[in-house]
J.: 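Take this structure, written in structure tokens, and hold onto it; I'll ask about it next.
Lettering follows sequence order; numbering is per chain, from 1.
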Amino acid sequence: MSDASIDPKPLTIAGKAYRSRLIIGTGKYKSYEQNARALEASGAEIVTVAVRRVNLTDPGQPKLVDFIDPRKVTYLPNTAGCFTGEDAIRTLRLAREAGGWSLVKLEVLGDRKTLYPDMLETLHAAEMLIADHFQVMVYCNDDPLMAKRLENLGAAAIMPLAAPIGSGLGIQSPINIRLIIEEAKVPVIVDAGIGTASDAAIAMELGCDAVISNTGIAEAKDPVLMASAMKRAVEAGRLAYLAGRMAKKRYADPSSPLAGLI
Amino acid sequence: MGLRVTINGEERRFEAPVSVDALLAQLGLEPAKIAVERNLEIVPRSQYRDVTVADGDRLEIVQFIGGGM
């Protein structure tokens, strides 16, 4: 008998299969040690990481790689903080050299207040990175036409925002996210704005292939417990999507048969 | 004489020309965990011994740190 609690299909990104459909960030935690414990609780197999200058005055500071082993967990270098395509490309070339892998997450921000992506710069940078043999997962707005363009360019995954980065507001446009999913042939991963477990479950019920959470876990009062909640929410949402929810109705519909009433 | 090299935005002086390899050792950095860019070009790890830092070079030395989005 097959176990109904197991997702029959793994998440596949750029040819590699993952059992977990939750990706977590590595920013905003109190320590790398807490981050490592949250990772353990989340069951995630991919973590997003940033690329920054080494500290020359104190090279002995704790290093992420000493807490989260890049041989066991997929490091997904991102371009957080880049406001031009040029900076993003430069950052990811350095990331590829530092890590030795070509799966990356591109984000080119357009505005400091909303951290919304600059889609023109993003498209341009994605094209150049793909030509340079990167496998590019792309942070984008929730516009189905932009998502399709990115896919046509050869993006490895489409990563629409649920809400502004770090806002924890949950999915603001379920209709757009749903449209992106319906049209996409590459994984759709909801990125940014997941505030709590129910937000992740809703994303997965819409049919997303995976969810990213950083602030939602890191800024919870107990990040390790929230990581565990996110893991379960992603699994529950995925199974509910596969199960196919009942139709919504405007009026009540009794669950017991009417025939045979005394 | 000597060299002036800008590393991660800070100017540093060296007495004599140094290879990238020797420079990293002087700075106390493990080559396996970082990447080096010299005048906007990546220096592949395999060339750290062969590439010599010249006067006026601008180097960026980066690593992976915690970050989300």
Side-chain angles (χ1 to χ4, degrees), chain A residues 23-29 31-32 35 47-68 70 75 77-81 86 90-91 93-100 105 107 109 115 139 159 161 164-166 191-193 212-218, chain B:
Chain A
I23 297 172
I24 74 164
T26 56
K28 299 183 180 171
Y29 285 91
S31 63
Y32 285 150
N35 196 169
V47 293
T48 59
V49 298
V51 178
R52 292 290 183 273
R53 286 172 165 173
V54 298
N55 185 336
L56 294 174
T57 48
D58 185 11
Q61 278 186 341
K63 290 185 175 55
L64 182 65
V65 291
D66 296 331
F67 292 85
I68 296 173
Y75 268 39
N78 69 25
T79 59
E86 194 184 339
R90 207 177 144 203
T91 300
R93 284 188 175 143
L94 280 164
R96 181 165 64 178
E97 183 61 25
K105 183 187 154 195
E107 57 180 86
L109 305 174
L115 298 180
Y139 168 62
M159 308 175 84
L161 54 87
I165 292 172
D191 184 1
I212 290 199
S213 173
N214 186 6
T215 313
I217 297 173
Chain B
M1 272 298 284
L3 313 163
R4 281 183 195 199
V5 180
T6 306
I7 306 174
N8 291 355
E10 288 174 30
E11 193 178 281
R12 299 248 167 170
R13 283 168 173 276
F14 295 89
E15 292 302 315
V18 279
S19 66
V20 171
D21 216 23
L23 178 109
L24 295 177
Q26 270 189 43
L27 295 171
L29 299 171
E30 274 183 70
K33 292 176 178 173
I34 53 152
V36 179
E37 188 193 70
R38 179 183 172 227
N39 302 330
L40 302 176
E41 296 272 340
I42 301 252
V43 183
R45 199 168 288 151
S46 58
Q47 292 175 20
Y48 285 178
R49 278 161 187 264
D50 309 324
V51 173
T52 304
V53 177
D55 188 40
D57 274 0
R58 299 185 72 84
L59 297 183
E60 290 289 341
I61 306 175
V62 302
Q63 64 181 351
F64 292 124
I65 67 151
M69 306 155 205

J.: Does any non-hydrogen side-chain atom of Gln63(B) lie less than 4.5 Å from one of Arg52(A)?
T.: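 The answer is no, as the side chains (C-beta and beyond) never meet within the 4.5 Å cut-off.
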J.: With a 4.5 angstrom heavy-atom cut-off, is it the side chain or the backbone of Tyr75(A) that approaches chain B, or both, or neither?
T.: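 Contact with chain B is through the side chain of Tyr75(A) alone.
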J.: Determine the option with the most heavy-atom pairs under 4.5 angstrom with chain B, choosing from Leu64(A), Val51(A), Leu56(A).
T.: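 Ranked by contacts with chain B, first place is Leu56(A).
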J.: Could you tell me which non-hydrogen atom of Gly66(B) sits nearest to which non-hydrogen atom of Ala50(A), and how far apart they are?
T.: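 So the two residues come closest at O-CB, 4.2 Å.
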J.: Strictly distance-based, threshold 3.5 Å: is any side-chain N or O of Arg45(B) a donor or acceptor partner for the main-chain N or O of Ala98(A)?
T.: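 At least one qualifying donor-acceptor pair exists.
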J.: Can you check whether Val54(A)'s main-chain N or O pairs, donor with acceptor, with Asn8(B)'s side chain at less than 3.5 Å?
T.: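 Checked: pair present.
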J.: Considering non-hydrogen atoms only, spot the tightest contact between Ala35(B) and Leu94(A) and give its length.
T.: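 Looks like CB-O, 3.2 Å.
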J.: Within this structure, what is the CZ-OG1 distance for the pair Phe64(B) and Thr48(A), rounded to the nearest 0.5 Å?
T.: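 Reported value, rounded in 0.5 Å steps: 11.5 Å.
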J.: Take atom CD in Glu41(B); do more than 12 heavy atoms of anything else shown fall under 6.0 Å from it?
T.: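 For Glu41(B), atom CD is not crowded (no more than 12 foreign heavy atoms under 6.0 Å).
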J.: State, yes or no, whether a side-chain contact exists between Arg93(A) and Glu37(B) at a heavy-atom distance under 4.5 Å.
T.: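 Not touching, per the 4.5 Å side-chain cut-off.
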J.: Under 4.5 Å heavy-atom distance to chain A, tell me which part of Leu29(B) shows up: side chain, backbone, both or neither.
T.: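 Answer is side chain: those atoms of Leu29(B) sit under 4.5 Å from chain A.
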J.: Once you round to the nearest 0.5 Å, how far does CZ of Arg90(A) lie from CD1 of Ile42(B)?
T.: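 That separation rounds to 9.0 Å.
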J.: Nearest 0.5 Å, please: how far is CD1 in Ile65(B) from CG in Asn55(A)?
T.: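 Answer rounded to 0.5 Å: 10.5 Å.
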J.: What part of Asp58(A) gets within 4.5 angstrom of chain B, counting heavy atoms only: side chain, backbone, both, or neither?
T.: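 For Asp58(A), no heavy atom lies under 4.5 Å from chain B.
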J.: Would you mind checking which part of Ala218(A) comes under 4.5 Å of any heavy atom in chain B, side chain (CB onward), backbone (N, CA, C, O), both or neither?
T.: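 Contact with chain B: none, neither part.
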J.: Please identify, among Ala95(A), Pro62(A), Pro77(A), the residue contributing the most non-hydrogen atom pairs under 4.5 Å to chain B.
T.: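 Maximum pair count with chain B is reached by Ala95(A).
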J.: Nearest 0.5 Å, what's the NZ-NZ distance between Lys33(B) and Lys63(A)?
T.: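 Spacing of NZ (Lys33(B)) from NZ (Lys63(A)) equals 6.5 Å.
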J.: Hey, which of Arg12(B), Glu10(B), Glu30(B) has the most heavy atom pairs under 4.5 Å with chain A?
T.: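 The answer is Arg12(B).
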J.: Quick check for you: among Val36(B), Val43(B), Leu27(B), Val62(B), which has the greatest number of heavy-atom pairs under 4.5 Å with chain A?
T.: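 So the answer, after comparing Val36(B), Val43(B), Leu27(B), Val62(B), is Val62(B).
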J.: Of all heavy-atom pairs between Pro44(B) and Glu97(A), which one has the smallest distance, and what is that distance?
T.: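 Nearest pair, atom of Pro44(B) first, then Glu97(A): CA-OE2, 3.3 Å.
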